[in-house]
Amino acid sequence: MFIRNVFSYSMANTYSQTVRIAQEFIVRIILPPEVLGIWSFALIVMNFGITFDLGVLDASLRELSLCYGGHKIQQATEYRYTAFCLHLVAKVVVAVAIIIYLLYRYRGDFSFIFWAGIAAAWMVILASIGEAFISFYQSSQRYVELSKYLIIYWTVYAVVMVFGAWFWGVLGLIVASLFVLLFQAWLMRGGLLDVKHDRYRPSLTQHAAKSLLSFAIPFRVVDYPMNFLQIADTLVVTKFLSLKILAIYMTGKLILNQAGQVPAWIGAVFVIRLNMLAGSGKKSRKELGQEALSMLLIQYLIILPVFIVLVMIVSQFVVVRFLPKYVQVIDFLPILLMALYFLPRVTNIRNFWMIDKKFKFLGISNLIGLLMMMLGFFGIWFEHGITLHNVALVFLASYAVYFLYVALMLGKELWSLKQLVELFVYLLLSMLLVLFALNVGKWTFLKHPFLPWRDLMVGGFWGALLILPLVCYGFWKTGLMNHFYDILK
């Protein structure tokens, strides 16, 4: 079931990812960095607003998975409807707070930046609806249905956003974004009603609200450092550099996020499986730890090397050939991509703490990552200055230190010392081989400012050749080939 869900969900999202990457590059062909910087500002405001919520979706993901694993269907229905209402109310409050701040900050100066921020506040509300529905699909493991809707949504998203940028520039992007978020909420509305399991009248209950908030509020308090860690680099670039440089850096973050989509989807399927197995009691703690170890090895030995090398080679070709005004992104993109080895949405082992409600360790790990990033920014500010290359290095180092703490603390409980050492050896080996493959491709591209397709194929060939032994070993080590028959059933 796990392999089948991973395969179907990943294939649908790979299509969605490809469509979105194409859309983002086309928009950057249409709009120069100094213009696109306004849109980047709106996205930063929206992302900043998204970080503030009650944490009820995280709580519902945990509780719903445990309920489905324990066959508590009526309780799952109550949790789902209660979580949606609490989540939406929280986002409305956040959006109102953003509007009040913008009115104070830009009082008497209602420039285009101001209206972009107002639109971002509305985007926070609309995005929260689709976010909730997708979470409910995942918690009930309705991946086939969700995959179909994701394909439809991202196709419409790409077409509407390109047409908006082409005809009305930044204004068109903002209007198009509001429209597609409304469309997503309408399309995904079935996530609120689980037709597979619902046999009870939907209702909001005080018991469900108390249960969700008892997990959500402590979790959100200790997880806020992680939320700020995710956006701190863009806030620094926004504060100290120009809108043009911000657009270039956001292009790098866009590529990073898209490169991490498939690994993150695999991690998301694993988290739901982990929660359901924990709720059913079918597997011991050690057995769940072995599943987590297998998931990490699949990521480190197969998924991440393939996607990082593929994304870097294609990005170099596309940026150099079609986005020369954004070519600076190539200098720091390899550093950002290396962070995929440590991002919590890819590794996901911290979810053991979430299942056990061990918020102390979760909070310490988040504070360590945020503290590392703050020290890093202070260091480069005083010693070397704020540059995109230095910002990317701080971003990578912060997540590496964060993951090191999480892996060591959880590794003592879940794995033997030998397994923990092997994990770090595989992690280091994978990163070194991938970096070498990226540098070989970069040398090839630097020789030719405008590469023909032949050079793209040569760069891809050498990149694939260098990581092929690692990937083949990964298939053998994880026994992944033995599970592919599940996909074809």
Side-chain angles (χ1 to χ4, degrees), residues 43-62 87 90-91 94 124 127-128 131-132 134-135 138 212-213 215-238 253 256-257 260-261 263-265 267-268 270-272 274-275 292 295-296 299 336 338-378 391-411:
L43 289 179
I44 289 175
V45 173
M46 183 187 73
N47 292 333
F48 184 77
I50 288 175
T51 63
F52 293 95
D53 63 29
L54 293 174
V56 291
L57 284 189
D58 297 297
S60 69
L61 192 66
R62 174 185 181 274
H87 181 67
K91 291 303 183 182
V94 171
V124 168
S128 70
E131 179 187 17
I134 291 174
S135 177
Q138 292 173 336
L212 288 169
L213 292 176
F215 175 89
I217 293 178
F219 170 74
R220 182 51 61 197
V221 170
V222 301
D223 208 45
Y224 267 128
M226 175 55 66
N227 291 331
F228 286 115
L229 180 62
Q230 294 171 351
I231 63 173
D233 56 328
T234 56
L235 294 178
V236 168
V237 174
T238 304
K253 290 298 291 288
L256 169 67
N257 291 333
Q261 286 298 320
W265 295 324
F270 166 75
V271 168
I272 300 300
L274 178 67
N275 289 340
M295 186 273 296
L296 285 175
Q299 298 276 37
L336 288 181
M338 286 298 102
L340 287 173
Y341 283 92
F342 310 111
L343 296 182
R345 64 191 177 98
V346 174
T347 59
N348 277 302
I349 56 175
R350 74 176 195 150
N351 282 275
F352 282 96
W353 285 335
M354 295 171 63
I355 292 175
D356 299 334
K357 295 186 177 181
K358 292 183 177 180
F359 298 126
K360 174 183 176 181
F361 296 106
L362 193 64
I364 292 174
S365 65
N366 294 337
L367 285 173
I368 288 175
L370 182 60
L371 180 61
M372 179 64 192
M373 183 167 285
M374 293 174 62
L375 292 175
F377 284 136
F378 277 120
V391 170
L393 283 174
V394 172
F395 181 84
L396 171 61
S398 301
Y399 277 104
V401 172
Y402 157 82
F403 175 76
L404 180 63
Y405 174 81
V406 175
L408 288 175
M409 295 301 295
L410 276 171

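Please read these numbers as outputs of a predicted model, since none were measured by experiment.
Atom CE of M374 and atom CZ of F228 lie 11.0 Å apart (nearest 0.5 Å). Here the CZ-CD distance, from R345 to Q230, works out to 8.0 Å after rounding to the nearest 0.5 Å. Remark: R350 CZ to Y402 OH distance equals 4.5 Å, nearest 0.5 Å. From F377, atom CZ reaches atom CE of M372 across 10.5 Å, with rounding to the nearest 0.5 Å.
Under the rule for a side-chain contact (heavy atoms from CB on, under 4.5 Å), the partners of I50 that lie at least two apart in sequence or sit in another chain are M46, N47, K91. Judged as a side chain to side chain donor-acceptor pair (under 3.5 Å), and not counting sequence neighbours, the contacts of D233 are Y249, K253. Y399 meets the side chain to side chain donor-acceptor pair (under 3.5 Å) test with no other residue; sequence neighbours excluded. Partners of V45 according to the side-chain contact (heavy atoms from CB on, under 4.5 Å) rule, which considers only residues two or more places apart in sequence or in another chain, are F41, I98, A120. Under the ring-ring contact (aromatic ring centres under 6.0 Å, His included) criterion, F48 pairs with F52, sequence neighbours left out.
Closest heavy-atom contact between A392 and L336: CB-CD2, 3.9 Å.
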Residues 360-371, side-chain donor-acceptor partners within the protein, below 3.5 Å, at least two apart:
from	atom 1	to	atom 2	distance (Å)
S365	OG	F361	O	3.4
S365	OG	L362	O	2.7
N366	ND2	V222	O	2.9
N366	ND2	D223	OD1	3.0
N366	ND2	L362	O	3.2

side-chain contact (heavy atoms from CB on, under 4.5 Å) between I44 and I231, worked out: CA-CA 8 Å; I44 289 175; I231 63 173; over 6 Å; no
